[in-house]
Amino acid sequence: MASLALSSPSSSSTTSSSSLSSSRFSRGSLSPQSLFPIDSPSRICSVKGIRCGLNDPLNGKPCVPIITDGTLSKFLESQRLKSSVNRNGTRLKIFSGTANPLLSQEIAWYMGLDLGKIKIKRFADGEIYVQLQESVRGCDVYLVQPTCPPANENLMELLIMIDACRRASAKTITAVIPYFGYARADRKTQGRESIAAKLVANLITEAGADRVLACDLHSGQSMGYFDIPVDHVYCQPVILDYLASKTACSNDLVVVSPDVGGVARARAFAKKLSDAPLAIVDKRRSGHNVAEVMNLIGDVKGKVAVMVDDMIDTAGTITKGAALLHEEGAREVYACCTHAVLSPPAIDRLTSGLFQEVIITNTLPVNEKNYFPQLTVLSVANLLGETIWRVHDDCSVSSIFQ
């Protein structure tokens with residue numbers, strides 16, 4: 001993946017306000033405002049109408065937008081960014097695991113902080129060693145580590161990081177988990193099954209975490225598995241902002257849920273897109289990672305279909321749903337999801353010509369070999385950075401999404 005130029009904000013910089021080019025989408029409270037100087041060519045380049053922190057040409061690879069047209073949405077507005085105060089002297093520390101260091105670096109850049117120094121290595125037998133390279137005594141520590149593949153390795157690394165911070169006398173420890181692995185094992189669907197999501201929640205709690213910050217959990221009930229506070233961050237505003245930059249008329253849109261379980265998520269998404277109509281794909285699953293589309297509820301003929309899901313794993317559900325939408329007369333199909341696990345054969349399915357565009361976020365790192373022309377990667381770093389500040393300052397988190 002192309003590297004990002006993530007320099008800390010200068011204390012002497014000032015902000016300028018500008019508005020995003022007019023869109024035919026009505027977003028209500030999501031109207032953007034500028035929070036960054038637009039005269040920073042070292043940080044900004046233009047790709048498909050999006051400004052991002054990449055300096056090198058993308059050559060058809062997906063972009064990782066940090067700034068959209070030099071602006072940020074109103075839900076990310078922050079007084080501390082307007083003054084661009086360097087707050088490296090704060091008692092807040094951010095440390096990154098090895099799962100997604102690029103996202104951690106973007107979060108620190110947004111917050112005007114430097115990542116904490118930490119040493120993580122693996123012994124010859126696979127054991128994990130963690131040592132903090134700076135004092136965290138009395139500090140509020142945030143550990144950024146998604147439990148993405150290899151899930152067990154990254155989960156164990158997170159637990160050891162939490163233990164290291166606890167033994168170093170950190171005041172509070174917050175596990176920032178952009179992608180919570182094992183979230184799909186949240187209930188028993190048949191006899192003698194484990195509920196791994198509850199087990200993982202217990203492990204994180206017993207390791208010493210005081211709070212968890214997670215993005216788009218597979219089901220809201222997973223928050224109840226923790227005996228500590230959980231801040232659930234919804235990444236919909238990031239995707240909605242990107243879709244709002246499109247020129248499609250809102251009357252042509254229909255939001256599609258790829259299964260019955262995602263109806264609530266799709267309904268909330270459709271409400272933000274000018275209260276677009278909703279369609280539902282009814283499917284029957286014959287086994288794990290195997291889906292069979294049965295029927296479509298709703299009208300998609302001649303419309304632009306936007307499929308919304310929390311994750312794409314093997315892409316079986318979403319591609320079979322897209323094929324059904326084309327059969328029912330959909331003009332174009334867009335796939336939107338927060339977590340791109342992209343297990344084989346996901347790439348083959350997503351590049352089969354069914355999708356006009358596949359829009360994901362960087363809660364999981366996207367391997368360069370998984371890039372394809374229709375893929376667009378949106379950064380959630382600003383959203384997570386703002387959430388961390390609000391948790392640290394004892395401010396409301398839910399107000400971000402209103």
Side chains of Thr147 and Asn154: is there a donor and an acceptor less than 3.5 Å apart? no
Could you tell me which non-hydrogen atom of Gly298 sits nearest to which non-hydrogen atom of Ala279, and how far apart they are? CA-CB, 4.2 Å
Side-chain donor/acceptor of Arg166 to backbone N/O of Ala207, under 3.5 Å: yes
Going by heavy atoms in the side chains, are Phe95 and Leu115 under 4.5 Å from each other? no
Is a donor from one side chain sitting under 3.5 angstrom from an acceptor on the other, for Asp186 and Ser219? yes
Parallel, tilted or perpendicular for Phe180 and Phe226, by the 30°/60° rule? tilted
Examine the side chains of Arg137 and Ser169 and answer whether a donor and an acceptor come within less than 3.5 Å of each other. yes
Between Ile360 and Thr376, is any pair of side-chain heavy atoms under 4.5 Å apart? no
Kindly indicate whether the side chain of Asp140, heavy atoms from C-beta on, has any atom under 4.5 Å from the side chain of Thr174. no
Should the pair Lys303-Glu332 be classified as a salt bridge under the 4.0 Å nitrogen-to-oxygen rule? no
Least distance between heavy atoms, Cys148 atom then Tyr179 atom: CA-CD2, 3.8 Å
Output field: ring centroids Tyr334/Tyr242 closer than 6.0 Å: no
Can you give me the closest heavy-atom contact between Ala322 and Leu354, atom names plus distance? CB-CB, 4.1 Å
If I compare all heavy atoms of Pro258 with all of Asp309, which pair ends up nearest, and what's the gap? CG-OD2, 3.5 Å
When you measure from the side chain of Gln145 to the backbone N and O of Ala99, does any donor-acceptor pair fall under 3.5 Å? yes
Taking 4.0 angstrom as the limit, do Glu153 and Arg122 come out as a salt bridge? yes
May I ask you to check whether Gln374 and Gln356 show a side-chain donor-acceptor distance below 3.5 Å? no
When you check the side-chain N and O atoms of Asp227 and Thr205, is any donor under 3.5 Å from an acceptor? no
Does any non-hydrogen side-chain atom of Leu143 lie less than 4.5 Å from one of Cys165? yes
If only atom types and distance count, is the side chain of Asn367 paired as donor or acceptor with the main-chain N or O of Asn370 below 3.5 Å? no
Provide the closest heavy-atom pair for Lys198 versus Tyr225 in the form atom of the first, atom of the second, distance. NZ-O, 3.0 Å
Where Gly385 and Ile107 come nearest, the two heavy atoms and their spacing: CA-CG2, 3.9 Å
Check this for me, if you would: do Arg390 and Asp231 make a salt bridge, where the nitrogen-to-carboxylate-oxygen distance has to be below 4.0 angstrom? no
Between Thr338 and Gln236, is there a donor-acceptor pair closer than 3.5 Å when you use the side chain of the first and the backbone of the second? no
Should Leu278 and Val256 count as side-chain neighbours, where that means a heavy-atom distance under 4.5 Å? no
Thinking salt bridges, do Lys301 and Glu327 make one under a 4.0 Å N-O criterion? no
Assess whether side-chain contact (heavy atoms from CB on, under 4.5 Å) is satisfied between Leu132 and Lys117, documenting all intermediate values. CA-CA 6 Å; Leu132 303 178; Lys117 298 177 181 178; over 6 Å; no
Is there a side-chain contact (heavy atoms from CB on, under 4.5 Å) between Ile195 and Arg187? Walk through the geometry before answering. CA-CA 6 Å; Ile195 303 180; Arg187 65 191 185 280; 5.6 Å; no
Please report the C-alpha distance between Thr172 and Arg211 in whole Å, then the side-chain angles of each, then the deciding distance to 0.1 Å, and finally whether the side-chain contact (heavy atoms from CB on, under 4.5 Å) criterion is met. CA-CA 8 Å; Thr172 62; Arg211 178 182 293 270; over 6 Å; no
